[in-house]
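The first residue in the sequence is number 1, and the count goes up from there.
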Amino acid sequence: MSEIQISTLGLILSIIPVTLHGIEVLFPMQARLIANWVLPFFGLKSPSGKTALTQDEQLTMLDAALEAAPKEKSTNAKDYIFLLLFEQRQGAIGFAAVAVGAIYGMGIELTARQPLHLLFGVVAVLMMLVNANQAGFLLFFGKHRRVSKHGRNVGIVFTPFWLAVALLNWLAFSYVMS
């Protein structure tokens with residue numbers, strides 16, 4: 001594989017997350033659709049309308065979380081729910097920015113891609129570590145106390161994906177350095 005092909009593949013693979021999460025920039029509660037229609041595959045099951053959460057059910061769950069908070073802490077509880085959805089949007093914005101950068105990068109010469117490969121390499125390494133952690137491979141990298149079975153399986157599948165993205169971007173970055 002040539003240097004330009006490795007670079008282009010590193011950029012293309014960096015685009016993939018926005019295809020699922022991009023809509024969350026506008027609609028942060030659409031993560032529910034990923035839980036309904038994508039994550040079942042990670043449990044080796046077909047998605048089903050019978051088990052799919054509706055928006056009303058999702059709101060009921062969030063309201064139940066608010067009601068479970070001590071009354072004197074209701075403002076902080078509301079802020080916490082806000083932050084969960086706001087950070088959902090911010091993550092989607094990050095994926096959208098990476099996708100725009102990758103698409104732009106494919107149109108420029110290899111030497112000009114160096115900053116993109118550095119950035120995407122760092123993103124890929126961190127994503128790999130987070131996925132490995134939720135899969136149970138890296139216990140020292142923080143603790144997600146609510147990893148579901150499907151979430152663990154996502155980590156198992158995407159740890160090698162992000163490793164490949166990291167390697168491609170670091171290779172492309174190193175070509176430009178030499």
Side-chain angles (χ1 to χ4, degrees), residues 1-43 47 52-53 55 58 81-135 137-138 141-142 144 146-148 150-178:
M1 195 179 299
S2 73
E3 293 175 357
I4 196 73
Q5 288 172 322
I6 288 171
S7 170
T8 300
L9 186 56
L11 295 175
I12 289 170
L13 291 178
S14 297
I15 295 170
I16 291 174
V18 80
T19 62
L20 277 179
H21 298 287
I23 191 69
E24 296 162 18
V25 171
L26 301 174
F27 307 105
M29 293 195 36
Q30 294 307 313
R32 172 188 78 255
L33 299 180
I34 295 169
N36 288 341
W37 306 109
V38 177
L39 289 184
F41 291 111
F42 291 92
L53 291 170
Q55 182 172 332
Q58 184 182 19
I81 296 297
F82 158 76
L83 281 173
L84 289 175
L85 296 172
F86 183 62
E87 289 178 1
Q88 189 72 31
R89 293 179 102 174
Q90 289 178 318
I93 288 167
F95 285 138
V98 166
V100 168
I103 291 166
Y104 170 77
M106 285 186 271
I108 59 178
E109 63 183 59
L110 182 61
T111 56
R113 296 179 182 187
Q114 184 184 26
L116 291 173
H117 288 302
L118 174 63
L119 174 65
F120 297 168
V122 169
V123 168
V125 166
L126 293 173
M127 293 294 282
M128 178 190 65
L129 292 172
V130 167
N131 276 275
N133 175 260
Q134 74 189 32
F137 302 143
L138 292 179
F141 202 72
H144 184 317
R146 296 293 185 261
V147 176
S148 66
H150 295 166
R152 180 180 184 280
N153 292 345
V154 165
I156 290 168
V157 169
F158 280 98
T159 296
F161 169 81
W162 286 111
L163 174 62
V165 175
L167 290 174
L168 289 166
N169 278 290
W170 286 114
L171 271 174
F173 178 78
S174 69
Y175 290 143
V176 177
M177 292 296 290
S178 52

Visitor: Do V123 and S14 have side-chain heavy atoms sitting under 4.5 Å apart?
Guide: no

Visitor: Do R113 side-chain atoms and I108 backbone N/O form a donor-acceptor pair below 3.5 Å?
Guide: yes

Visitor: Are any of the side-chain heavy atoms of L13 and F161 separated by less than 4.5 Å?
Guide: yes

Visitor: Between CD of E24 and CG of L85, what distance do you get to the nearest 0.5 Å?
Guide: 10.0 Å

Visitor: Can you tell me how far OH of Y175 sits from CG of L110, rounded to the nearest 0.5 angstrom?
Guide: 9.5 Å

Visitor: Using 0.5 Å steps for rounding, measure from the CD1 atom of I23 to the CG atom of L33.
Guide: 9.0 Å

Visitor: Closest heavy-atom contact between T8 and M106?
Guide: CG2-SD, 3.9 Å

Visitor: Could you grab the distance from atom CD1 of I15 to atom CG of L11, nearest 0.5 Å is fine?
Guide: 7.0 Å

Visitor: Looking only at heavy atoms, which two atoms of G121 and A166 are closest? And how far apart?
Guide: O-CB, 4.3 Å

Visitor: Do V25 and R89 have side chains that approach each other closer than 4.5 Å (heavy atoms only, starting at C-beta)?
Guide: no

Visitor: Are the side chains of V130 and H144 in contact, using a 4.5 Å heavy-atom criterion?
Guide: no

Visitor: Specify the closest pair of heavy atoms between H117 and S7, including all atoms of both residues, with the distance to one decimal.
Guide: NE2-OG, 2.6 Å

Visitor: What distance do S148 atom OG and Q134 atom CD have between them, rounded to the nearest 0.5 Å?
Guide: 8.5 Å

Visitor: Is it the case that more than 12 heavy atoms not belonging to F141 sit under 6.0 Å from its CZ atom?
Guide: yes

Visitor: Ignoring hydrogens and angles, tell me if any N or O in the side chain of N131 forms a donor-acceptor pair with the backbone of M127 under 3.5 Å.
Guide: yes

Visitor: Any side-chain heavy atom of W170 sitting closer than 4.5 Å to one from V165?
Guide: no

Visitor: State, yes or no, whether a side-chain contact exists between F42 and I156 at a heavy-atom distance under 4.5 Å.
Guide: no

Visitor: Report yes if some heavy atom in the side chain of I81 is under 4.5 Å from a heavy atom in the side chain of L84; otherwise report no.
Guide: yes

Visitor: If you round to the nearest 0.5 Å, how far is CG of L167 from CD1 of I6?
Guide: 10.5 Å

Visitor: Using the rule given for side chain to side chain contact (heavy atoms under 4.5 Å, CB included), can you reason through R152 versus H150, listing the C-alpha separation, both sets of side-chain angles and the distance that settles it, and then say yes or no?
Guide: CA-CA 5 Å; R152 180 180 184 280; H150 295 166; over 6 Å; no

Visitor: What is the minimum heavy-atom distance between A31 and Q88, and which atoms define it?
Guide: CB-NE2, 3.6 Å

Visitor: Do L39 and V154 have side chains that get closer than 4.5 Å, going by heavy atoms?
Guide: yes

Visitor: Do you know the tightest heavy-atom contact between P47 and W37?
Guide: CB-CE3, 3.2 Å

Visitor: On a heavy-atom basis, which atom in P40 and which in I34 lie closest, and how many Å separate them?
Guide: CD-O, 4.4 Å

